[in-house]
Participant: 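Have a look at this one before I ask anything.
The sequence lines fix the lettering, A, B, ..., with proteins before strands; numbering per chain opens at 1. If you're wondering where the values come from, they're calculated on a predicted model, not measured in any experiment.
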Amino acid sequence: MDVAVIAKEIKRDDLLQMYYYLRLTRALEDRITALYRQGRIVGGVYTSHGMEAIAVGYASALERDDVIAPFHRDMGVFLIRGFTTGEILAQYLGKRTGPTKGKDGNVHMGDLKRGVFGFVSHLADNLPVAAGAALAFKIRGESRVVFAGTGDGGSSRGDFHEAMNFAAVRKLPVVFFCNNNQYAYSTPLHLQMAIPNVVDRAKAYGMPGEIVDGNDVAAVYLAAKRAIVRARAGEGPTFLEFKTMRMHGHSEHDPAKYVPRELLEEWKKKDPILKAEQLLKQLSYGDEPYFQEVTERVKGEVEAGLEFAEQSPLPEGPEVLEGVFAESAGSY
Amino acid sequence: MDVAVIAKEIKRDDLLQMYYYLRLTRALEDRITALYRQGRIVGGVYTSHGMEAIAVGYASALERDDVIAPFHRDMGVFLIRGFTTGEILAQYLGKRTGPTKGKDGNVHMGDLKRGVFGFVSHLADNLPVAAGAALAFKIRGESRVVFAGTGDGGSSRGDFHEAMNFAAVRKLPVVFFCNNNQYAYSTPLHLQMAIPNVVDRAKAYGMPGEIVDGNDVAAVYLAAKRAIVRARAGEGPTFLEFKTMRMHGHSEHDPAKYVPRELLEEWKKKDPILKAEQLLKQLSYGDEPYFQEVTERVKGEVEAGLEFAEQSPLPEGPEVLEGVFAESAGSY
Amino acid sequence: MATETTQKQQEFSYIEAISQALDEEMARDERVFLMGEDIGMYGGAFKITEGFLQKYGEWRVLDTPLAESGIVGAAIGAAMMGLRPVVEMQFADFISCAFDQITEVAAKNHYRWGAAVPMVIRAPFGGGIHGGPFHSECPEGWFFHSPGLKLVAPSTPYDAKGLLKAAIRDPNPVIYFEHKFLYRRIKSLLPQEDFIVPIGKADVKRVGNDISVITYGAMVHLALEAAQTLTNEGIDLEVVDLRTLIPLDKETIYSSVRKTSKAILLHEDNKTGGIGAEIAARLAEDCFDCLDGPVVRIAPPDTPVPFSTPLEEFFLPKTGDIITAARKLAAY
Amino acid sequence: MATETTQKQQEFSYIEAISQALDEEMARDERVFLMGEDIGMYGGAFKITEGFLQKYGEWRVLDTPLAESGIVGAAIGAAMMGLRPVVEMQFADFISCAFDQITEVAAKNHYRWGAAVPMVIRAPFGGGIHGGPFHSECPEGWFFHSPGLKLVAPSTPYDAKGLLKAAIRDPNPVIYFEHKFLYRRIKSLLPQEDFIVPIGKADVKRVGNDISVITYGAMVHLALEAAQTLTNEGIDLEVVDLRTLIPLDKETIYSSVRKTSKAILLHEDNKTGGIGAEIAARLAEDCFDCLDGPVVRIAPPDTPVPFSTPLEEFFLPKTGDIITAARKLAAY
Ligand SMILES: Cc1ncc(C[n+]2csc(CCOP(=O)(O)OP(=O)(O)O)c2C)c(N)n1
Ligand SMILES: Cc1ncc(C[n+]2csc(CCOP(=O)(O)OP(=O)(O)O)c2C)c(N)n1
Ligand SMILES: [Mg+2]
Ligand SMILES: [Mg+2]
């Protein structure tokens with residue numbers, strides 16, 4: 001990205017805040033990974049390691065009353081939407097103070113009040129749901145937007161097709177994105193699709209698409225902004241393909257031996273935090289001591305969160321029976 | 001279509017046979033419609049009236065050991081594959097001598113021995129199934145091809161997406177087609193998709209696509225041939241969009257008031273039988289007396305079939321219990 | 001003459017009751033909107049929403065692409081944001097295409113992360129109309145097993161109207177099984193004022209002392225017919241109309257069986273895995289001492305719904321089956 | 001020492017038994033092939049097919065796109081042509097995405113038009129592994145209701161191997177529920193020669209006189225544990241392992257209950273609509289006179305499977321539940 005363009009298009013504070021969230025995401029997920037290795041996490045761990053710029057970039061581009069249906073590597077979304085490190089770690093430890101009160105695990109957090117949909121494991125299931133939220137905005141005449149994601153893998157599912165098509169026909173204010181991180185679990189792209197870019201799928205719906213460097217938080221932010229503006233203007237959905245690379249295993253138990261070392265080496269150089277620091281330096285918004293300071297700060301926040309989570313109570317057995325049915329429904 | 005090309009590419013006998021099947025399809029379905037109006041048909045009636053060239057054209061382009069997963073307006077397929085008018089009318093009268101022995105109705109006929117898959121109401125469900133049959137051919141190293149169809153409506157379903165994508169990834173010997181007849185039941189194209197042509201969907205799979213005049217049996221035949229040759233050569237699937245118009249209601253109970261009269265008038269001039277007769281005349285393969293003779297001949301076949309069907313027994317109640325499970329499975 | 005006219009004006013068919021409920025709820029609450037295939041311009045395959053598009057406009061009566069999963073997903077999203085979507089399946093059979101969205105997203109969202117999903121899926125179900133295996137299904141058995149869903153199935157115009165209103169006002173996902181066979185076959189008076197039939201309450205449609213026939217949907221009328229015939233023989237059937245399948249009204253069921261000591265479970269759904277199984281289990285568990293004879297299930301055999309008339313007649317439960325079973329049970 | 005080694009060589013875990021069955025059937029019959037996500041290069045999420053790609057090649061071990069409906073549909077097509085596909089669901093939970101293909105196409109093809117569909121879907125199911133609502137489901141209850149499907153669920157390495165072989169050789173669609181919790185937790189000796197466990201035959205895993213515990217899958221081991229404890233109290237449990245859920249082995253169930261006069265139905269599937277309901281209904285119908293007490297169901301409550309440890313523990317049936325119920329029933 002052209003530094004001059006960035007300087008013009010993104011406010012300094014916004015960039016610094018994105019850097020902070022990149023760092024916070026990294027610190028939080030690294031801590032979760034470490035806890036996982038110590039056997040202290042309940043269930044599996046899927047991280048956005050090396051892909052943090054996607055969630056941080058697009059969530060920063062949205063307004064507070066926009067709605068997000070995050071993908072399963074979008075930790076940044078939760079942080080930006082005000083889920084505390086304590087709440088999040090409580091979720092990973094199965095504590096009652098987590099956003100799902102122990103009912104569900106890991107990244108499956110959601111909260112309508114904070115405009116984040118709980119992730120559904122069944123990949124792509126939340127895409128039609130996101131289109132439906134956008135439909136609600138359109139019906140009510142609100143100028144709000146929905147941001148909803150899938151992976152390269154999830155884009156093979158029928159619900160992807162049905163969601164994209166419906167959103168395009170009705171020109172709904174929704175932005176779909178794909179984190180193309182080269183693999184679906186162990187499956188490389190060429191066994192998933194016969195097209196060079198996932199964005200080629202947008203044409204099938206009459207929807208504009210864009211390829212974006214998913215490791216460049218500024219690029220993600222600006223592409224998201226463009227799509228959001230378009231959606232808000234009533235011009236309908238956009239599809240964004242964020243090119244990136246999954247740097248860890250599919251989940252933390254997976255050594256990912258199927259990924260060529262060279263590929264990882266190559267992408268390591270494009271680490272989103274590294275890129276962000278280079279940018280901040282070029283713009284003279286930040287320097288090494290500053291980066292150090294932020295790194296320390298987020299570390300503290302993670303540790304404080306962990307303390308909260310560890311001191312939080314586990315749910316009690318009979319809580320199983322609560323919440324199958326809703327007593328009332330709100331408006332969001 | 002250029003008459004010289006047709007003369008060169010299609011044998012006289014093949015063209016005459018296609019004309020015969022067009023006439024037979026028309027006569028059979030018109031008879032079924034008349035029976036329906038008399039209340040003599042069990043269940044609903046969906047016809048290919050005005051769209052006969054599609055099934056006749058593509059089924060004529062296939063070899064006998066190729067397999068077809070027809071769409072629900074492809075009566076010509078059954079006739080070409082040797083389903084007699086008697087069997088077919090027995091099906092429509094719910095008789096035991098119909099291909100489904102009364103278990104299912106109308107166009108839901110199939111027979112593995114004759115290489116025709118029974119239609120599944122749930123539109124697009126048979127597309128992944130067709131891809132799977134093509135996979136079997138590929139695995140066994142056979143040079144057979146599968147032809148499988150949907151409508152413009154069915155192309156919105158997730159199974160369309162999953163089938164097309166899988167077939168493209170594995171370069172399976174299957175040809176997908178869409179009969180784009182402007183409507184899905186009452187729903188016009190602009191409420192179904194935001195693209196000008198259904199064929200635009202092929203690009204999302206890295207699959208070549210072609211738009212074909214669906215009312216020109218020679219054009220359908222030649223386009224099908226090209227796609228079949230490609231599939232047989234191991235080059236993978238093709239998507240064909242046959243442009244046409246549904247000239248009756250969705251089913252015979254539907255007066256289709258939502259279709260503008262002018263549209264029907266316009267398409268009436270492009271009637272596939274009319275077109276075929278013009279072509280045969282241009283090529284001096286046929287003249288009015290000949291057309292008259294064929295028309296009479298097929299009428300006789302339909303009436304003979306009706307006699308067979310009417311004299312056939314209905315199934316008996318306890319036959320309900322037969323056939324839930326297979327005792328053995330064959331190889332086809 | 002004058003009174004007769006007045007009375008006639010208040011008599012409505014089952015299908016009219018459904019239309020009225022939709023119309024009144026849409027007028028009452030602007031959050032209520034409709035989605036489905038061919039429900040707008042065409043007024044729906046069964047004409048239940050005829051005139052609605054003109055009255056409420058294209059953003060409250062949405063003709064959708066042919067994509068059940070996408071439509072249901074979109075309804076979930078809109079419901080979570082605070083709207084009250086009512087989705088029409090053209091036939092209940094096609095709900096299989098939306099199964100994943102219903103069971104994994106709609107049913108679980110509130111339990112998992114507290115997001116209420118106030119939506120209704122209308123599913124025209126059942127046989128007796130020569131629909132064959134894809135247009136006659138009773139799919140309710142598929143959904144007993146997904147905690148978080150409510151299932152209702154009215155048997156009269158009164159219940160049809162009152163339950164649909166209750167379903168629309170419920171904060172949970174409700175599948176509303178409306179029996180196609182009853183649409184135009186039964187009429188009754190409806191109150192002019194607003195009313196609901198509460199979800200979760202069965203209704204004793206006929207008080208009797210000897211045997212409880214526990215049933216729902218079209219079968220209620222069969223049970224009432226059988227009861228009529230059996231009075232002459234001194235066998236006094238009580239007909240319990242479940243109305244709601246989930247959550248079951250155990251109190252009404254148990255108190256009926258406590259009185260009669262004998263139970264027939266009657267449904268049109270396949271025998272194995274139908275709601276009859278669940279009720280039999282609960283009786284055997286909670287009401288064992290009050291049973292004076294075997295719990296008899298009357299239901300179709302475990303086959304798809306066959307097409308041809310003699311097959312479908314054999315398949316469907318008949319008044320005679322109830323009479324025979326009741327005689328045997330009375331003599332037990 | 002030498003004999004110990006020999007014995008050890010013949011002792012295999014449940015997961016090894018599954019791998020062996022697949023390997024042996026692939027070696028025995030070249031029509032057998034595998035499809036699924038990450039089953040090739042990676043050897044499957046649970047490593048069941050590790051080394052298979054190298055041994056059998058990419059056309060008999062197909063890594064597929066992430067698209068369950070498309071994969072199952074393709075398997076149906078390949079099966080109809082004469083191959084013997086075995087599809088792996090990565091987790092049983094994702095079978096909801098293929099629900100339509102399974103219930104509408106696979107289950108009905110033979111009944112409707114005589115096309116056998118000899119295929120197997122392997123579904124790793126069940127809880128106890130901190131999987132939460134989307135990785136712990138027992139979806140078998142969804143499929144009782146679709147005539148044409150067979151459902152099996154082994155509890156031991158012997159049954160796992162024998163039933164998988166039988167399923168692969170069966171000419172019908174079979175869903176094979178393999179319990180994830182048992183994968184590496186139980187071992188047993190396996191015969192060296194080829195053997196099958198016939199579909200449709202239950203197995204009395206422990207002979208006893210006082211109460212029949214009818215169960216399957218992981219719960220079999222709980223029942224055996226409870227039986228052990230109860231011997232000291234003079235309560236003699238008979239443990240009937242269903243092994244096949246559809247078609248049910250009524251003879252074995254009834255003859256056990258005729259002997260003991262008391263039945264506990266135990267499953268990990270949700271209580272409402274589980275197979276326990278069906279068996280209770282059949283007992284109440286066909287075996288009423290032989291019952292000397294209520295039919296007790298032990299099953300999780302009607303909620304999704306919760307994530308956090310204390311919740312999941314509360315949710316899952318425990319040995320103590322069986323003991324308590326058995327004591328009560330014995331005293332009845
Ligand atoms: C419908 C469905 N099938 C299978 C899975 C199991 N699964 C979880 S993540 C995953 C791979 C996802 O790949 P992709 O969409 O590219 O996302 P990534 O993890 O690479 O970000 C698979 C197969 C699932 N979650 N949902
Ligand atoms: C999954 C599914 N949903 C709904 C229907 C009901 N239905 C039958 S045909 C039809 C319209 C089909 O339109 P199209 O695919 O364009 O085919 P055409 O009839 O125009 O040839 C609909 C909605 C169906 N058969 N399957
Ligand atoms: Mg990926
Ligand atoms: Mg059409």
Participant: CG of C:L66 to CG of B:L191: how many Å apart, nearest 0.5 Å?
Facilitator: 12.5 Å
Participant: Could you walk me through whether C:D38 and B:H250 pass the side chain to side chain contact (heavy atoms under 4.5 Å, CB included) test, one step at a time?
Facilitator: CA-CA 11 Å; C:D38 308 294; B:H250 170 63; over 6 Å; no
Participant: Could you report the tightest heavy-atom contact between C:Y42 and B:S186, atom names first, then the distance?
Facilitator: CB-OG, 3.2 Å
Participant: To the nearest 0.5 Å, what is the distance between CG (C:D63) and NE2 (B:H190)?
Facilitator: 9.0 Å
Participant: For the interface with chain C, which of B:L123, B:D104, B:V120, B:D152 has the highest count of heavy-atom pairs at distances below 4.5 Å?
Facilitator: B:D104
Participant: Which class fits the ring pair B:H108 and C:H135: parallel under 30°, tilted 30 to 60°, perpendicular over 60°?
Facilitator: tilted
Participant: Nearest 0.5 Å, what's the CD-CD distance between C:E37 and B:Q192?
Facilitator: 9.5 Å
Participant: Does any N or O in the side chain of B:H122 come within less than 3.5 Å of the main-chain N or O of C:F134, such that one atom is a donor and the other an acceptor?
Facilitator: no
Participant: Answer with side chain, backbone, both or neither: which region of C:S69 has an atom nearer than 4.5 Å to a non-hydrogen atom of chain B?
Facilitator: neither
Participant: Mind checking the NZ-CG spacing from B:K101 to C:L311? Nearest 0.5 Å is all I need.
Facilitator: 11.5 Å
Participant: Check whether more than 12 heavy atoms from other residues, nucleotides or ligands sit under 6.0 Å from atom CD of B:E266, and answer yes or no.
Facilitator: yes
Participant: Heavy-atom distance under 4.5 Å to chain B: side chain of C:S96, backbone, both or neither?
Facilitator: side chain
Participant: Could you pull out the closest heavy-atom pair between B:L321 and C:P301, with the gap in Å?
Facilitator: CD2-CB, 3.5 Å
Participant: For B:F119, is it the side chain, the backbone, both or neither that has a heavy atom under 4.5 Å from a heavy atom of chain C?
Facilitator: backbone
Participant: Could you please state which residues from residues 45-57 of chain C sit under 4.5 angstrom from chain B, measuring non-hydrogen atom to non-hydrogen atom, sorted by number, or 'none'?
Facilitator: C:A45
Participant: If you count heavy-atom pairs under 4.5 Å with chain C, which of B:V324, B:D125, B:T187, B:V42 comes out on top?
Facilitator: B:V42
Participant: Are any of the side-chain heavy atoms of C:S308 and B:L314 separated by less than 4.5 Å?
Facilitator: yes
